[in-house]
Novice: 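Would you mind keeping the following structure in view while I ask a few things?
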Amino acid sequence: MKKIIFTTLQIVVTLAILVWVFHDPKKRADMAHALAQADKTWILAGILAYGVVEILAAIRWQILLRVQGISLGWWRLTALLMIGIFFNLFMPGGTGGDVIKTYFLLKETPGKKAQALLAVLMDRLIGLLGLIFLTAIIIGLRYDWLTQVEVTRNLTWTLLAILAASLAGIGFSFVVTGFGLMHKLPSRMPFHDKFVELSVAYNLYARAWPASLLAFATSIGVHIASFYVFFFAGKALGAQASFWDFAGVMPIINTIASLPISVGGAGVREKLFEEMLGKLCNIDPAVAVVISLTGFMVLVFWAVVGGIIYVFYRPSEHVKMSEITHTVAALEHEIAESE
C-alpha cells in the first residue's frame, strides 16, 4: 500500500510540473519551432556520447567484477548494463536497474552470489564518489557564477546538502568498518544491511586499491561524457553556452532530478534546465526545455535498446519484478547476518 501511495504521489507531482512547464501556448509554439530547427548531426553526437558513457561504465564494472574473481564476457556484461538503463529510466525510484543487474548477475555467477552483489554495490558507490569529487571541483571553480542569482544559488545549496548527506552516510560506514562496529549496529536500524554490505566491500576493495582507484578514475570519465550528451543537445538547438557552462549546471540538474520526486525525473528536469540555463546563460526558456527533452530522448533511445536486449536475454526464465526484488533483498540480508 505504501508503494502504491508513493507511486501515485510521484505521478501526481509529475503531471503537475509538466502542466506548469508546458501550459503556455506561446512557449509550446517556440519549443516546436526550436525543435524543427535542430541540427540532427549534433543529436547524433549526443547519442554517441551516451554510448561512450556506457562503454566507460562497462569498463568500470568489469574492473570491479574481476577484483571479486568474477569473469564475465563483454557481451553479457554490456547486456546487463543496457538492461539496467531500461529499468532505471522506466521504474520509479532510480535503483530498479541495480536490482535487475544484480539478479541476472547472480544467475550468471551461481557460485559467487555474495561477490556479485558486492560488485554491483561498489559500482554504485564509486560512481557516487566520482560525482561528489567532480562536483566539488566544479562548484569550487564556478561557485560565484552558479550563485549569482537567488534561484540558482538555492539549487546549488540544495545540491551541496544532498551530496553532504551522501558523504556523511559513506563516512559513517567507513567509521563503522574501521572501528569494527558493524556488529553493534541495531538490527532494526534503517539500511542496516546496506551498511554491513558496505563494510564488507570496503575490506575487499581496499586490498585491491589500484583497481579501485582505476575504477574511480573511470567514473570521472563516465560523468564528463554524460555532460556532453546535453551539451551536444544544446549545440543542436543553437544554444550559446560552452561545455564549461553545461558542466557547471549538469551535476545540479542530474542530482536533483534523480530524487524520487517525479517519475524518472520528468518535469523536474525540464524546469531545472529552464531555470539554470535561463538565469545563467540567458537561454530562452523554450529552448532550455527542448534541450532537456532532446537529451532525455537520447537516454530513451538507449533505454529502448536495453529493453530490446531484455526481451531476448535468456539467462533463465523471466520472473516477476516482485520475485526479483525479494531474491536480491534476501541475499543482502543473508550477507548481513553472516558477518
Novice: Considering all heavy atoms of both residues, which atom of Phe273 and which atom of Phe230 are nearest to each other, and what is their separation?
Specialist: CZ-CD2, 3.3 Å

Novice: Heavy-atom count around Phe301 CZ within 6.0 Å, excluding the residue itself: above 12?
Specialist: yes

Novice: If you group Ile, Leu, Val, Met, Phe, Trp and Tyr by side-chain heavy-atom gaps below 4.5 Å, do Leu44 and Val300 land in one group?
Specialist: no

Novice: Counting N and O atoms only, with roles assigned by atom type, does the side chain of Arg28 sit under 3.5 Å from a partner on the main chain of His23, one being a donor and the other an acceptor?
Specialist: yes

Novice: Heavy atoms only: give me the nearest Ala241-Ile283 pair and the separation to one decimal.
Specialist: CB-CD1, 4.1 Å

Novice: If you look at every heavy atom in Val298 and Ile43, which pair is closest and at what distance?
Specialist: CG2-O, 4.5 Å

Novice: Looking at Val151, is its backbone amide N or carbonyl O close enough to the side chain of Asn154 to form a donor-acceptor pair, meaning the two atoms are under 3.5 Å apart?
Specialist: no

Novice: With heavy-atom distances below 4.5 Å as the criterion, would you say the side chains of Glu274 and Lys27 are in contact?
Specialist: yes

Novice: Going through the checks in order, is the ring pair (Phe, Tyr, Trp, His ring centres under 6.0 Å) test met by Phe243 and Phe231?
Specialist: CA-CA 6 Å; Phe243 172 73; Phe231 170 65; 5.7 Å; yes

Novice: Output yes when a side-chain donor or acceptor of Lys279 lies under 3.5 Å from a complementary backbone atom of Leu277, and no otherwise.
Specialist: no

Novice: State, yes or no, whether a side-chain contact exists between Trp145 and Thr156 at a heavy-atom distance under 4.5 Å.
Specialist: no

Novice: Nearest 0.5 Å please: distance from the CD1 atom of Ile100 over to the CD1 atom of Ile85.
Specialist: 14.0 Å

Novice: Mind checking the CZ-CD spacing from Arg142 to Gln148? Nearest 0.5 Å is all I need.
Specialist: 9.0 Å

Novice: How many angstroms lie between atom OH of Tyr310 and atom CE of Met82, to the nearest 0.5 angstrom?
Specialist: 15.5 Å

Novice: So with a 6.0 Å cut-off around CH2 of Trp75, is the heavy-atom count from everything else above 12?
Specialist: no

Novice: Which atom pair, heavy atoms only, marks the closest approach of Ala211 to Val67?
Specialist: CB-CG2, 3.6 Å

Novice: Is the backbone N or O of Gly127 less than 3.5 Å from a side-chain atom of His223, with the two atoms forming a donor-acceptor pair by type?
Specialist: yes

Novice: Run Ile253 and Phe246 through side-chain contact (heavy atoms from CB on, under 4.5 Å) and show every step you take.
Specialist: CA-CA 10 Å; Ile253 293 172; Phe246 273 86; over 6 Å; no

Novice: With hydrophobic residues grouped by side-chain heavy-atom distances under 4.5 Å, do Leu131 and Tyr143 end up in a single group?
Specialist: no

Novice: If you group Ile, Leu, Val, Met, Phe, Trp and Tyr by side-chain heavy-atom gaps below 4.5 Å, do Met250 and Met297 land in one group?
Specialist: yes

Novice: Tell me, with the steps shown, if Glu150 and Arg153 meet salt bridge (Lys or Arg N to Asp or Glu O under 4.0 Å).
Specialist: CA-CA 5 Å; Glu150 182 180 2; Arg153 181 167 57 249; 5.2 Å; no

Novice: When you measure from the side chain of Ser212 to the backbone of Tyr205, do you find a donor-acceptor pair of N or O atoms at a distance under 3.5 Å?
Specialist: yes

Novice: Would you say Glu270's side chain and Gly267's backbone share a donor-acceptor pair under 3.5 angstrom?
Specialist: yes

Novice: Looking only at heavy atoms, what is the nearest atom pair of Ser292 and Arg269, with distance?
Specialist: OG-CG, 3.3 Å

Novice: How many angstroms lie between CD1 in Ile137 and CD1 in Ile220, if you round to the nearest 0.5 Å?
Specialist: 7.0 Å

Novice: Does the Thr152 side chain pair with the main chain of Leu146, one donor and one acceptor, at a distance under 3.5 Å?
Specialist: yes

Novice: Hey, is NZ on Lys26 packed in by over 12 heavy atoms from elsewhere, all under 6.0 Å?
Specialist: no

Novice: What about Trp74 and Leu214, same hydrophobic cluster or not, with Ile/Leu/Val/Met/Phe/Trp/Tyr joined at side-chain heavy-atom distances under 4.5 Å?
Specialist: yes

Novice: Report the distance from atom CZ of Phe86 to atom CG of Leu299, rounding to the nearest 0.5 Å.
Specialist: 14.0 Å

Novice: Going through the distances and angles, do Thr135 and Thr255 end up as a side-chain contact (heavy atoms from CB on, under 4.5 Å)?
Specialist: CA-CA 10 Å; Thr135 300; Thr255 302; 5.7 Å; no

Novice: Roughly how far apart are Ile63 CD1 and Met122 CE, rounded to 0.5 Å?
Specialist: 12.5 Å

Novice: For Ala119 and Leu65, work out which heavy atoms get closest and say how close.
Specialist: CB-CD2, 3.5 Å

Novice: Using only atom types and a distance under 3.5 Å, with no angle test, would you say the side chain of Gln62 pairs donor to acceptor with the backbone of Gly73?
Specialist: no

Novice: I'd like to know whether Phe87 forms a side-chain contact (heavy atoms from CB on, under 4.5 Å) with Val99, so could you lay out the CA-CA distance, the side-chain angles of the two residues, the decisive distance to 0.1 Å, and finally the verdict.
Specialist: CA-CA 9 Å; Phe87 282 94; Val99 174; over 6 Å; no

Novice: May I have the list of side-chain donor-acceptor pairs in residues 50-58 shorter than 3.5 Å, sequence neighbours left out?
Specialist:
{"residue": "Tyr50", "atom": "OH", "partner": "Glu54", "partner atom": "OE2", "Å": "3.2"}

Novice: Test salt bridge (Lys or Arg N to Asp or Glu O under 4.0 Å) on Lys235 and Asp39 and set out the steps.
Specialist: CA-CA 8 Å; Lys235 295 289 285 185; Asp39 187 334; over 6 Å; no

Novice: Apply side-chain contact (heavy atoms from CB on, under 4.5 Å) to the pair Val268 and Leu259, showing each step before the final yes or no.
Specialist: CA-CA 9 Å; Val268 174; Leu259 297 175; over 6 Å; no

Novice: Do Phe227 and Trp244 belong together in a cluster built from hydrophobic side chains that touch within less than 4.5 Å?
Specialist: yes

